[in-house]
Amino acid sequence: MENEEKEKRYTRLKNIVLNMPEQPGSYQFWDESNTIIYVGKAKKLKSRVSTYFHKEVDRYKTKVLVSKIHNITYTVVKTEEDALLLENSLIKKYNPKYNVLLKDGKTYPSICVTNEPYPRIFKTRNINRKWGTYFGPYSNQGPMYAVLELIKKLFKPRACNMVMTTEKIKENKYKTCLKYHIHICDAPCVGKQSYEQYQENIRMAKEILKGNTRELIRQLKETMMIMAEQLRFEDAEYIKQQIILIENYCAKSEVVSHTINNIDVFSITNDDQNNNAFINYMHVTNGSINQAFTIEYKRKLQETDSELLALAIPEIRKRFGSTAKEIIVPINIEWNIEGAEYTIPQRGEKKHLLELSEMNGKQYKVDRLKQSEKLNPEQRQTRLMKELQTALKMEKMPYHIECFDNSNISGTDAVAGCVVFKGMKPSKKDYRKYNIKTVVGPDDYASMQEVVRRRYTRMIEEGTPLPDLIITDGGKGQMEVVRQVVEDELKQNIPIAGLAKDDRHRTNELLFGFPPVVIGMKTDSELFRILTNIQDEVHRYAITFHRDKRSKHALKSEMDNIKGIGPKTKEILIKKLKTVKRIKNATMEELTNIIGKAKAQIIYQFFHSSQH
């Protein structure tokens, strides 16, 4: 019965597709509850929609989408750009389940110039086009505050919230406030600044917000020269100071080109782990970047980079009010925008702009990752484990990692240490120390085999879970002797890696496999630093154990002949004073505080008697 219903549904949908026109437009897929679940665009509606019903559709998510479709509607438009814009508006209106999701995690501030007779200029996060003209949003608030401060110094827009009109000013309804007296407002409220002059200041402020500083400076210089010719030197000097302020502001902003004017730049950075994409937008006016913003998109149907950019570019240009005729992009985009051309630069200043945009996108990705990992530390650990799993091509994610190191001086007091990391964090309760029992002399390979054999034989007998990865503090030789024990003797399949050092004794290579090969990994990457931290930790652990053992032996050799002092007293002394030398030099009072007066007397007399 289900198969019959499915066939009927498919037949009905295919009939709808067969009757669709070969014109540009937007199509909508509806589910059984009469809800739009997907909105698409097409240069040719019939050809595009028919592809969803081909047997060779290989995308799993697309197959799932098709299985949910119960009706198809469409809207015909005149141009490709209209199809893009219509798709965009429908996605915003219906928020379909299977469409790309724009992830605006926070509302970024913009600068508003109000529509009042005497406009105000301020930052806001609430966008209402009826109130005024908006510039932004600003993802980096530093430049926003810088331009607001410049406008405040140059044009002194009013900061009060009064409803101000020319009629009320003529009727003397207002009074000057403190801001006039401290020279940050020219008091248009009492007629000390004319309506025309105030409007001219607002016009120039808008030009700065648009990034048209070069043109504004040119206009101001012309005005300054006219005033100088008219012998209005004070007014000319005032304009000169305005020009200096604008030029100082421009000097601090990044000038990327002296020839490029009014272009848009788009790049895309992928986050494969979360199936997201970060699209960076930059607008260049008069050679300077006057707008930069990054938006995150969540893929739903494995959309390609080209498809995502085709969706994002019209939306972002509309949001920022861009009318640039040239759009720099990293890849070919099929969908054209009326009045604008795409450029894929290969070299030169435009290539530099694209690289700058890509750098901003990558930085945004890093910042978002750090932000999310601060809120959820386990996310970072999981990411690092997945990175290591991918780098080593392991079947299982390496949650449980163990690392070994030997320590001895000419074969004496030979010891070894094993440190355990779980979830990329040290699990100190699982650390183990080993006294080398069967090896005579300084033989690191034999010592390593003894420790590994003892460690994993016991774990197998006790049924304790074995590690997902073993790391040796050494290169191919250490890896091989560990493999001989783990695989050949104990018949266990545990991956083995090695951290090798260069001539300067600095870790510079990660080795893996049999025979071992160098794994391509940057030594300054976060994952490599974690691995070297594991290596440093096992080295510290083994060295500390070795020092403790040597100190105990030294103490035993010095103090064995002291009658009345047993092993426990010796252990307490070495724990507190660390070395025999410090015990010898300790005062009677110090020894008494540690082991009591009677035993302190014995030790003090032993080390300070004339016979000793």
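- The OG1 atom of Thr294 lies 13.0 Å from the NZ atom of Lys365; values are rounded to the nearest 0.5 Å.
- The shortest side-chain heavy-atom distance between Ser50 and Lys14 does not fall under the 4.5 Å cut-off.
- Aromatic pair Phe155/Tyr198: centroids not less than 6.0 angstrom apart.
- Nearest approach of Val265 to Ser357, heavy atoms of both residues: CG1-CB, 3.8 Å.
- The CG atom of Asp264 lies 9.5 Å from the CD1 atom of Ile316; values are rounded to the nearest 0.5 Å.
- A salt bridge links Arg383 with Glu387: the distance from a Lys NZ or Arg NE/NH1/NH2 to an Asp or Glu carboxylate oxygen falls below 4.0 Å.
- The backbone N or O of Leu356 sits less than 3.5 Å from a side-chain atom of Asn360, completing a donor-acceptor pair.
- Using a cut-off of 4.0 Å between Lys/Arg side-chain N and Asp/Glu carboxylate O, Glu526 and Arg529 are scored as not salt-bridged.
- Residues Ala83 and Val77 approach most closely at N-CG2, 3.5 Å, considering heavy atoms.
- Between Phe53 and Phe29, the ring planes are perpendicular. Angles over 60° get that label, and only those under 30° would be called parallel.
- Residues Glu303 and Leu308 share a closest heavy-atom pair of CB-CG, 4.3 Å.
- Residue Leu309 comes nearest to Phe266 through the heavy atom pair CD2-CB, 4.3 Å, listed as atom of the first residue, atom of the second, then distance.
- Thr114 contributes a side-chain N or O that, together with a main-chain N or O of Arg120, makes up a donor-acceptor pair within less than 3.5 Å.
- Under a cut-off of 6.0 angstrom, the local environment of OH in Tyr180 is sparse, with at most 12 non-hydrogen atoms contributed by other residues, nucleotides or ligands.
- Enclosure of atom CD in Gln241 by more than 12 non-hydrogen atoms of other residues, nucleotides or ligands within 6.0 angstrom is indicated.
- Summarising the geometry, atom OH belonging to Tyr118 is positioned 9.5 Å from atom CZ belonging to Arg158; distances are rounded to the nearest 0.5 Å.
- Summarising the geometry of Ile121 relative to Leu148, their closest heavy-atom pair is CG2-CD2, 4.0 Å, with the distance given to 0.1 Å.
- Side chains of Ser26 and Glu87: no donor on one and acceptor on the other come within 3.5 Å.
- In the model, Arg12 has no side-chain atom that pairs as donor or acceptor with a side-chain atom of Asn71 under 3.5 Å.
- The line from CD of Gln28 to CG of Leu90 is 5.5 Å long, rounded to the nearest 0.5 Å.
- To the nearest 0.5 Å, the span separating OH on Tyr342 from CD1 on Ile333 amounts to 4.5 Å.
- When side chains are defined from C-beta on, Glu341 does not count as touching Glu326, because their heavy atoms never get closer than 4.5 Å.
- A heavy-atom distance below 4.5 Å is not found between the side chains of Pro117 and Met164.
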Quick one: do Glu315 and Ile91 satisfy side chain to side chain contact (heavy atoms under 4.5 Å, CB included)? Show the steps, please. CA-CA 11 Å; Glu315 177 191 359; Ile91 289 173; over 6 Å; no
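- How far NZ of Lys46 is from CE of Met20: 10.0 Å, rounded to the nearest 0.5 Å.
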List the steps, then state whether side chain to side chain contact (heavy atoms under 4.5 Å, CB included) holds for Ile327 with Arg317. CA-CA 10 Å; Ile327 305 171; Arg317 279 168 61 90; 3.6 Å; yes
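- Within a 6.0 Å sphere centred on NE2 of His183, other residues, nucleotides and ligands contribute 12 heavy atoms or fewer.
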Thr269 vs Asn280, test: side chain to side chain contact (heavy atoms under 4.5 Å, CB included). Steps then yes/no. CA-CA 8 Å; Thr269 303; Asn280 177 264; over 6 Å; no
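- The main-chain N or O of Ile344 is found under 3.5 Å from a side-chain atom of Gln346 such that the two form a donor-acceptor pair.
- When the shell of 6.0 Å around NZ of Lys97 is examined, it contains 12 or fewer heavy atoms from other residues, nucleotides or ligands.
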Between Lys362 and Glu358, does the salt bridge (charged side-chain N to carboxylate O under 4.0 Å, His left out) criterion hold? Intermediate values first, please. CA-CA 6 Å; Lys362 288 174 183 176; Glu358 289 170 345; 5.5 Å; no
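- Residues Met424 and Leu527 approach most closely at CE-CD1, 4.2 Å, considering heavy atoms.
- One N or O on the side chain of Glu307 and one on the backbone of Thr304 form a donor-acceptor pair closer than 3.5 Å.
- Side chains of Ile151 and Lys156 form no contact here, defined as non-hydrogen atoms less than 4.5 Å apart.
- At distances below 3.5 Å, not a single donor-acceptor pair connects side-chain atoms of Lys41 with backbone N or O atoms of Trp335.
- A heavy-atom distance below 4.5 Å is not found between the side chains of Ile268 and Tyr297.
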Could you walk me through whether Val329 and Ile313 pass side chain to side chain contact (heavy atoms under 4.5 Å, CB included), step by step? CA-CA 10 Å; Val329 289; Ile313 288 173; 3.9 Å; yes
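- In this structure, Met162 places its CE atom where more than 12 heavy-atom neighbours from other residues, nucleotides or ligands lie under 6.0 Å away.
- Using a 4.5 Å cut-off on side-chain heavy atoms (C-beta onward), Lys43 and Arg48 make no contact.
- A heavy-atom distance below 4.5 Å is found between the side chains of Ser267 and Leu354.
- Atom CD of Gln230 has more than 12 neighbouring heavy atoms from other residues, nucleotides or ligands inside a 6.0 Å radius.
- In summary, Asp271 and Lys298 do not engage in a salt bridge, as defined by a charged side-chain N under 4.0 Å from a carboxylate O.
- Annotation: side chain of Ile295 is not in contact with side chain of Tyr281 (no heavy-atom distance under 4.5 Å).
- A donor-acceptor pair is defined here as one N or O able to donate and one able to accept, closer than 3.5 Å; such a pair exists between the side chain of Asn19 and the backbone of Asn15.
- Judged by distance alone, with hydrogens and angles left aside, the side-chain atoms of Tyr134 form a donor-acceptor pair with the main-chain N or O of Asn128 at under 3.5 Å.
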Test salt bridge (charged side-chain N to carboxylate O under 4.0 Å, His left out) on Glu200 and Arg203; report intermediate values, then the result. CA-CA 5 Å; Glu200 176 61 15; Arg203 183 194 70 78; 2.8 Å; yes
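- Under the 3.5 Å distance criterion, the side-chain polar atoms of Thr124 are matched with a main-chain donor or acceptor of Asn126.
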